[in-house]
Amino acid sequence: MNRVLVKVPASTANLGPGFDTLGMALSLFAWIEMSAADKTEFRLYGDQMKGVPTDKSNLIYKVAQLVFKEAGVEVPELCVSMYSDIPLTRGLGSSASAIVGALVAANALIGSPLSEDKLFQLATSLEGHPDNVGASLFGGIVVSAWDGERADHVRLEPHPRLETLVAIPAFQLSTEKARHALPSQISMADAVFNVGRSSLLVAALASGELGLIRHAMRDRLHQPYRAALIPGMTAILERAADYGALGAALSGAGPTLIAFVDAESPRKSELEAFLLETLQREGIEAKTMWLKPVAAGPEITVKSAAESEDFMSRIKGEVMQ
Ligand code: HSE
């Protein structure tokens, strides 16, 4: 039997107006190694893994079993190692990357009988929306729509000069809580506003008209309702472009804020200071990171189970710690 190592990117979802629809893979990663075992065992490394279950209720284990069931094979006992640089419950798609990593690793372990599309369908129903999982699975910018049964998508190549600055607040915000803040109905005027902005944003990203992002990255579906959960957010979204950003949005369900930036902009440190100072004024501690869009989805390496090199040595040099 083999040992499969999967490196899967984080993601930002919504990109402002594209609620539950747009996602982009980011240069922050999680690694999952999986092999068949005599007895199930979890080796979880790093701060992001604290509190993650180490029995068969573990998400990676359960998702892997779903793949085996779909494929009609049995691999009841697994050895799973995981390390992640993606902060949990901050709006950077940590759960989506775990789901995608587990699906891809389990599928590769049994010779990849499930298609990428099948993995996308499974990932979308597990996550409940296609935006983060699509980005982690396909890489790049992913436009997707899900009707509760089938998810369709188109992947766009990120512009080579596109870079992002994320401000990650020190507090966690669950997607569930951030979705609870949303109204069950919106006005026709707000719906039309978002259709316009989201369409314009996709067209701007596809055609490379980065100057349009500023006008397109506006939203009336979710960000205004979530603003109360993230002090400082409104000021950042309204004014980031004045400090050199191409546009700014709440990353996924938050609380992370993301600014899109021209990689060649001379105003990067000014923008970073603006984000940090705005959050600080609200008493919010945050850390910033410059992340690039990632064009590729998961990287899979298959080795023989007899290979002696351990998991952390295999990924050493790539992880942030
Ligand atoms: N589209 C989702 C939301 C992303 O905004 O709730 C969070 O995972």
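Read the numbers this way: they start at 1 and go in the same order the structure lists the ligands and their atoms. In what follows, residues are counted from 1 in the order of the sequence shown.
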Peer 1: Below the 3.5 angstrom mark, is there an N/O of Asn132, backbone or side chain, next to an N/O of ligand 1?
Peer 2: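 Yes, there is a polar N/O contact under 3.5 Å.
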
Peer 1: To which of Arg179, Gln223, His222 does the heavy atom nearest atom 3 (C) of ligand 1 belong?
Peer 2: Arg179

Peer 1: Taking only heavy atoms of Arg226 into account, list the atoms of ligand 1 that are under 4.0 Å away from them.
Peer 2: 3 (C), 5 (O), 6 (O)

Peer 1: Run the numbers for me: atoms of ligand 1, each under 4.0 Å from some heavy atom of Asp131, listed by number.
Peer 2: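 The list of qualifying atoms is 1 (N), 2 (C), 4 (C).
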
Peer 1: Backbone, side chain, both or neither: what part of Glu176 comes under 4.0 angstrom of ligand 1, heavy atoms only?
Peer 2: neither

Peer 1: So if I apply the side chain to side chain contact (heavy atoms under 4.5 Å, CB included) rule between Val67 and each of Leu109, Leu103, Val73, which one comes out positive?
Peer 2: Leu103

Peer 1: Quick one: CG on Leu44 to CE on Met82, what's the gap to the nearest 0.5 Å?
Peer 2: 8.0 Å

Peer 1: Under 4.0 Å from any heavy atom of Asn14, which atoms of ligand 1 are there?
Peer 2: 1 (N), 3 (C), 5 (O)

Peer 1: Report the part of Asp20 in contact with ligand 1, treating N, CA, C, O as backbone and CB onward as side chain, heavy atoms under 4.0 Å; options are side chain, backbone, both, neither.
Peer 2: both

Peer 1: Please determine if Lys56 and Glu77 form a salt bridge, counting it only when a charged side-chain N lies under 4.0 Å from a carboxylate O.
Peer 2: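 So Lys56 pairs with Glu77 through a salt bridge.
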
Peer 1: In Å and rounded to the nearest 0.5 Å, what is the OG to CH2 distance from Ser81 to Trp31?
Peer 2: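 If I round to the nearest 0.5 Å, the distance is 14.0 Å.
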
Peer 1: Taking the six-membered ring of Tyr45 as reference, does the NZ or CZ atom of Arg43 fall below 6.0 Å from its centre and within a 45° cone about the axis?
Peer 2: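 Pair Arg43/Tyr45 does not count as cation-pi.
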
Peer 1: Which of the atoms in ligand 1, numbered in the order shown and given with their element, are less than 4.0 Å from a heavy-atom of Phe19?
Peer 2: 3 (C), 5 (O), 6 (O)

Peer 1: Out of curiosity, Ile258 CD1 to Met24 CE, how far, rounded to the nearest 0.5 Å?
Peer 2: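 With rounding to 0.5 Å, CD1 (Ile258) is 5.0 Å from CE (Met24).
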
